[in-house]
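This report refers to the structure that appears directly beneath it.
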Amino acid sequence: MSAPLLEARDLRVHFRLGRGRVVRAVEGVDLAVRPGETLGLVGESGCGKSTLGRALLRLEAATGGAVHAFGADVTHARGAALDALRRRAAMVFQDPYASLNPRRRVGQSVAEPLDIHGVGDRAARQAKVAALLERVGLSPDVATRRPHSFSGGQLQRIGIARALALDPDVVVADEPVSALDVSVQAGIINLMMDLQAERGLSFLFVAHDLKVVELISHRVAVMYLGRVVELAPADALFADPRHPYTQALLAAAPVPDPRRRAPATPLSGELPSPLSPPPGCAFHPRCPIAEARCRVERPPLESDAAGHATACHLVQVGNIRGPEGHEG
Amino acid sequence: MKGPPPTVLQVAGLGVSFETPEGPLRVVEDVGLHIDAGEAVALVGESGCGKSVTARALLRLLPTPPARVVGDALRIGDADVLTLDTAALRRLRGRAVGFVFQDPMSALNPVYPVGEQIAERLRRHRGMGRAAARARAVELLGQVGIPAPADRARAYPHQLSGGMRQRVVIAIALACDPALLIADEPTTALDVTIQAQLMALLAAQRRARDMALLLITHDLGLVAQWVDRVVVMYAGQVVEQATVDDLFAAPRHPYTRGLLRAVPGATPPGPDGRLWAIPGAVPPPRAFPASCRFADRCPRAQSDCRAAPVPLVDGVRCLHPHLEPLAPPP
């Protein structure tokens, strides 16, 4: 198997809030984005998925563990080594309105990475911007317009064009379609899938919409309170979710089919404060099948032979049927 | 013998415009709606379709000016909403109709404990005494699934999570046993497991109280799971209405069909596993054509679509509606 493009190794990202309070946003995560794949990263707000994505691009500093990029440890990289990371890995943000400078013409925003990294001369950059805009489905003429004159979907296309400016190998996309209407969202997802097919681009696709993740991802990681609780090939994860949290998450997502109305048995309780995560398995206070050991002993993320990894005491590796209440 | 259920909401020819320096902007036009007691109806559409403006217009919550609301009929229970004076309107909002908005903080007063905010509603609209209102507030907090309600009644909004705040808003909305609950994107800001809890709560309360629900949402998953009938809006107009089963099985308007096909998992994907997108964008209100407003994005549009306004006939505003069923999901 080829070496991962971006990799978290026992990565920790903590935020100090003062008065001794610490948010453990990412707490001991091992995760690798492989060449040519889309790795979906899902979980509810506050689970640490966005922080993890940003930390892999060195947009957040690691508190512990390491970030590797393209075979090198970049946890503390500076100068040329950090530039190299930023050339080969790019980011697409959730809010297309907030991620583009409202005072600049969008062509300038798309050209900015080229300017910063000194790529080509002025004419070459202009030609590149025109090609990028065209590739994401916009007319090159729009380069002279400012963000306010675009719709959300068009702005997200511009954000993608900017991310592609330096021909990266991997793009971290943080909720790239969750601010968009469904008919517009479909076009952006199609564009991302096309770009992957064309360029062999890899994506870390951070999202809370499971249906979108199922469609676009090759593998999926589920996070809960700073840790990965399940990691599996996408078809395996959706056909056979094993962690009780993954099962609850899938059951909670409303199915757009009135013939499949789900019985109303939602997961009880709320996400505990990441300031004071529960001991043992962090999910145990909400878990319908938790036992005594779940309250004291944290389950490690263990993989079966097929590469389906789960962090749960009650899902034995090799025991294909999950815990009771599991629906196939 | 039981007669047919009474109509809770009856709307015909509702229009909303806003005064602007460039002249009036008509954002909602010719909206019709009716909801019977105990029924759950969704008003669905994408951003800018006018669904939230419509919901606010129903209770005359839009500031006038700049808004101007017109209609052939707007009745909630026995009240003719368009002719009510301010006092009667306030009584209607407090008693007959409950309202839940997307952002619970906008509905709660940050400087009062949540129990008092419920009690205040009961004292004003039900004439309850201080102690009785307080006790009833705690009871309502319990009914909406807030643990340790007697303690939580003393909490301020900022001390509660987003999901708990929305439960408080629901408790306030239910306080006077409304016949109709209007919920505008009530779970959009919340996580999916919390969303499931709140939708189940709304459904249980609706059953227990025989209350009607108007759910304003963009989420077709919620529509499929939680309502009886659907009204689809596009560019300020109702383009289709049907029972939830009929709408998902055989959407007739090309917009509805496009919307349903664009939802991941709702229908088989297109060639190469691609999603079906709707080309183009919703026109801004300033540019609404007099003829079919979807024609420029519609694969079925013909010259007659661009010739004259298209009326809503038999639940669909389209001259060339689909008659065949939609392929079901795999």
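We name chains A, B, ... by the order of the sequence lines, and we start the count at 1 in each one.
- Side-chain atoms of A:Gln185 never come within 3.5 Å of backbone atoms of B:Ala262 as a donor-acceptor pair (strictly under, hydrogens ignored).
- The candidate from B:Ala203, B:Gly145, B:Ala224 with the greatest count of non-hydrogen atom pairs under 4.5 Å with chain A is B:Ala224.
- Between the side chain of B:Gln195 and the main chain of A:Ala253, no donor-acceptor pair closer than 3.5 Å is present.
- Counting heavy-atom pairs under 4.5 Å between each of B:Arg274, B:Arg261, B:Met199 and chain A puts B:Arg274 at the top.
- The two residues A:Pro256 and B:Pro264 make their nearest non-hydrogen contact at CG-O, 4.4 Å.
- Taking CG of A:Leu191 as the start and CG of B:Leu275 as the end, the distance is 12.5 Å to the nearest 0.5 Å.
- Heavy atoms closer than 4.5 Å to chain B are found in the side chain of A:Asp194, but not in its backbone.
- Looking at B:Met164, both its backbone and its side chain come within 4.5 Å of chain A, counting heavy atoms on both sides.
- Identified by a heavy-atom distance below 4.5 Å to chain A, the contributing residues of residues 45-53 of chain B are B:Glu46, B:Ser47, in residue-number order.
- Along residues 207-223 of chain B, the residues that come nearer than 4.5 angstrom to chain A, judged on non-hydrogen atoms, are B:Asp219, B:Leu220, B:Gly221, B:Leu222, B:Val223 in order of number.
- Across A:Arg261 and B:Val244, no two heavy atoms sit closer than the pair NH2-CG1, 3.6 Å.
- Proximity to chain A (any heavy atom under 4.5 Å) is restricted, for B:Val227, to the backbone atoms N, CA, C and O.
- The shortest heavy-atom contact between B:Gln197 and A:Gly269 is NE2-O, 2.9 Å.
- When each of A:Gly137, A:Ala186, A:Ser151, A:Ser183 is checked for heavy-atom pairs under 4.5 Å with chain B, A:Ser183 comes out on top.
- The two residues B:Ala277 and A:Gly187 have their closest heavy-atom pair at CB-N, 3.6 Å.
- Smallest separation of non-hydrogen atoms from B:Gln225 and A:Val255: NE2-O, 3.0 Å.
- Taking CG of B:Asp245 as the start and CG of A:Asp257 as the end, the distance is 9.0 Å to the nearest 0.5 Å.
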